[in-house]
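These figures come from a predicted structure and were not determined experimentally.
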Amino acid sequence: METIKKTLRDSKTARWTALAVISFTMLCGYYLTDVMAPLKGLLEGQLNWNSSEFGFFTSAYGWFNVFLLMLIIGGIILDKMGVRFTGLTAASIMVVGTFIKYYAVSTHSLDGQYWHILFWNVKAQVFLAAFGFAIFGVGVETAGITVSKIIVKWFKGKEMALAMGLEMATARMGTALALSTSVPIAKGLNTVSAPILVCLIMLCIGLLAFFMYTFMDKKLDASIALVEKTESSSDSEEAFRVRDILTIITNKGWWYLAILCVLFYSAVFPFLKYATDLMVSKFHINEDWAGIIPAMLPFGTILLTPLFGNMYDRKGKGASIMILGAILLIFVHIVFSIPFLNHWFIAILLILVLGIGFSLVPSAMWPSVPKIIPEKQLGTAYALVFWVQNWGLMGVPAIIGWVLNKWCFLGYFAVAGTGVITPQGNQVTQVVAVDQKRYQVTEVGTIIRKDVDQKIAQFIKDADGKITAVITSAKDKISTEYITKKILKKAIKKNEIKVTQYYYSDKDVVQKIAQFIKDTDGKITAVITTANDTISTENITKKILKEAVKKNEIKVTKNYMVENFIASDGKKISKFAKVFSFYNYTRPMMIFTGLGLLALLFAFLLKAEDKKKGYGLQMPNIKK
């Protein structure tokens, strides 16, 4: 009687444990990927970023993956060196990139500095944060293709789509946590860099988790070698061959899937980067709570992606599932683009529908790759798909940021009320600074804000003993109409209150130079202007300094503390009112709709190619 030989992957406990460990590492990576998305308003307010700079930073995710072909190189390394080496390297790169990003956002040594990069000047802080994010992008995308190959290794011929769905669901818990917790963490610790520090700690833990997985993977390889009794087993890693790339890129089915991937993900992930700001600008949801609604999308996919993956495993219909997902994506973005549909309940419904669409497509798309491409080429195939995808993840956020800045900025508006729904109030057209001079508000980034803690000198109460105002140690009287119940409760307990101070940023003011300060070698170390401002050359690019020496004048940015705001109708607005930049998101949503329509076209093309070539995309994954 023939003995049935089993490998470690035949053990349900072993393969599901392996999946849990690698999924946790991806959860940590996804947390950092989206942690800055809800912080757009705080970055504009605290660090003086604008939408174009936010888009530039967000687009950095794909810089190295796209232009330096790091993803393709990662796929080649994966096929040549195996999942253990590649996974540990990718996780380490994520940690390094996150550390650079955290340093850039947390340090004050880069304040006011501009670096000349290629053909333009960019804020040093923005560029260094983007550089760190680009390094992180190499790590997390390489980790993604490694995890995909690990799942195929453990689950081929078994519950592969379900396993991929559960891995994606777990990873998207990181996205959901990022969208829902980053603003509370940043405000609670009074710095926009705090959520990035949390990510750095999580990624270190994720690196340790993957290190633990390598021991399981080594045991799996040993069990496979024992069963097959040869090192050239069909399941063992094969050496990479250059012609593997040619085989993949000449496969029409692979191209249809890759283009569908980049179009679909470019209509979802970049949308999530701006979704929190959309909730504030269009649906008038309080900044503190705006990230909760976009976070419903990943939470929904946590449940639905494994469900649809299990359906694909058992019933098939992979191509049809992708078509349905693209249709739902188009519907959601069209409705988001309609200006008068701005009730918060509509936003919740649309995010839930988008969550269904976002569960359908990936649950069928990623398990379909092994049906189109042979297993020995999977690492390179996944890498090439991710490389194509990264063109969209790099380009679309930058385009959306540019469109918002150029055509969609509505202005600064005071926010009415302190509840969850805070309607857009009067538009701010001028500010009165502490010097009593009036300044015109003309563009985003001209008003910046900083949260400071102030001791309370006195609580003002009415005849019924209800607190109506707070007087701080700085002798500011703040009416409780500007204070939420939560903040007031904390203020009573700690006898201090968090106050938002606003500043007007007077950009590019030309000042004459009174004196150049030089060191003993005759090198200029500082510039003193006629307004008695001393500017260190650390904060001046070589190009600007050269121009200053030539013209004996220099452009400076000056910040004035705001005493109060002036609305478009001339009315005075208290300096304690909440003032935010607002945008019209109709054009960006139409761009996302266009991407969805193209994704639907390529989903139909993929289904037609499957029917022609017989990939089996409509067939179940589980072999009976």
Side-chain angles (χ1 to χ4, degrees), residues 13-39 61 74 78 82-106 129 132-151 154 163-164 166-186 188-189 191-220 291 295 298-299 301-302 305-306:
T13 302
R15 66 175 180 265
W16 290 109
T17 301
L19 179 70
V21 175
I22 61 174
S23 297
F24 174 76
T25 300
M26 292 308 297
L27 180 153
C28 299
Y30 272 51
Y31 190 101
L32 190 278
T33 301
D34 293 300
V35 77
M36 296 285 269
L39 302 176
Y61 181 87
L78 175 58
V83 297
R84 296 193 292 275
F85 174 83
T86 310
L88 280 174
T89 303
S92 301
I93 291 171
M94 285 195 283
V95 172
V96 171
T98 304
F99 176 79
I100 294 171
K101 180 177 171 180
Y102 170 70
Y103 171 77
V105 176
S106 62
F133 195 35
I135 292 174
F136 167 82
V138 174
V140 75
E141 290 291 300
T142 304
I145 60 174
T146 303
V147 165
S148 296
K149 190 164 185 179
I150 288 171
I151 293 172
W154 285 85
M164 285 191 171
L166 285 169
E167 182 275 321
M168 283 185 277
T170 306
R172 284 175 191 150
M173 284 179 65
T175 298
L177 289 170
L179 294 173
S180 57
T181 64
S182 58
V183 171
I185 291 172
L189 298 176
T191 173
V192 75
S193 65
I196 306 173
L197 178 60
V198 173
C199 293
L200 182 59
I201 295 169
M202 287 179 64
L203 282 166
C204 290
I205 298 171
L207 174 60
L208 290 174
F210 196 89
F211 179 71
M212 290 169 55
Y213 164 76
T214 59
F215 293 98
M216 294 190 68
D217 189 82
K218 196 170 183 180
K219 285 185 178 180
L220 173 62
F299 275 124
T301 62
I302 290 166
T305 304

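- Within the 4.5 Å cutoff, no side-chain heavy atoms of Thr86 are placed close to those of Lys149.
- Aromatic ring centres of Phe99 and Tyr102: separated by at least 6.0 Å.
- Here the CZ atom belonging to Arg84 is positioned 5.0 Å from the CG atom belonging to Asp217, to the nearest 0.5 angstrom.
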Leu32 vs Met202, test: side chain to side chain contact (heavy atoms under 4.5 Å, CB included). Steps then yes/no. CA-CA 9 Å; Leu32 190 278; Met202 287 179 64; over 6 Å; no
Run the side chain to side chain contact (heavy atoms under 4.5 Å, CB included) check on Thr25 and Tyr213 step by step: do they pass? CA-CA 10 Å; Thr25 300; Tyr213 164 76; over 6 Å; no
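- Under the 30°/60° scheme for interplanar angles, the aromatic rings of Phe136 and Phe133 are found to lie parallel.
- Across all their heavy atoms, Ala90 and Ala143 have their closest contact at CB-N, 3.7 Å.
- Glu167 contributes atom CD, which lies 10.0 Å from atom CG of Leu27 (distance to the nearest 0.5 angstrom).
- Among all heavy-atom pairs drawn from Ile185 and Ala194, the shortest one is CG2-CB, 3.9 Å.
- How far CE of Met173 is from CG of Leu177: 6.0 Å, rounded to the nearest 0.5 Å.
- You'll find the side chain of Ile93 reaches within 4.5 Å of the side chain of Ile135, heavy atoms only.
- The two atoms that bring Ala129 and Val105 nearest to each other are CB-CG2, 4.1 Å, heavy atoms only.
- Of the residues Thr98, Val198, Val140, the one that meets the side chain to side chain contact (heavy atoms under 4.5 Å, CB included) test with Leu203 is Thr98.
- For the pair Pro195/Thr181, no side-chain contact is recorded, criterion being any heavy-atom separation below 4.5 Å from C-beta on.
- Between Trp154 and Ile22, the closest side-chain pair of non-hydrogen atoms is not below 4.5 Å.
- Among all heavy-atom pairs drawn from Gly29 and Thr33, the shortest one is O-OG1, 2.9 Å.
- Between the OG1 atom in Thr146 and the CZ atom in Phe210 there is a gap of 6.5 Å [rounded to 0.5 Å].
- Test Phe24, Tyr30, Tyr31 against Cys28 for side chain to side chain contact (heavy atoms under 4.5 Å, CB included) and you get one pass: Phe24.
- For the pair Met36/Val192, no side-chain contact is recorded, criterion being any heavy-atom separation below 4.5 Å from C-beta on.
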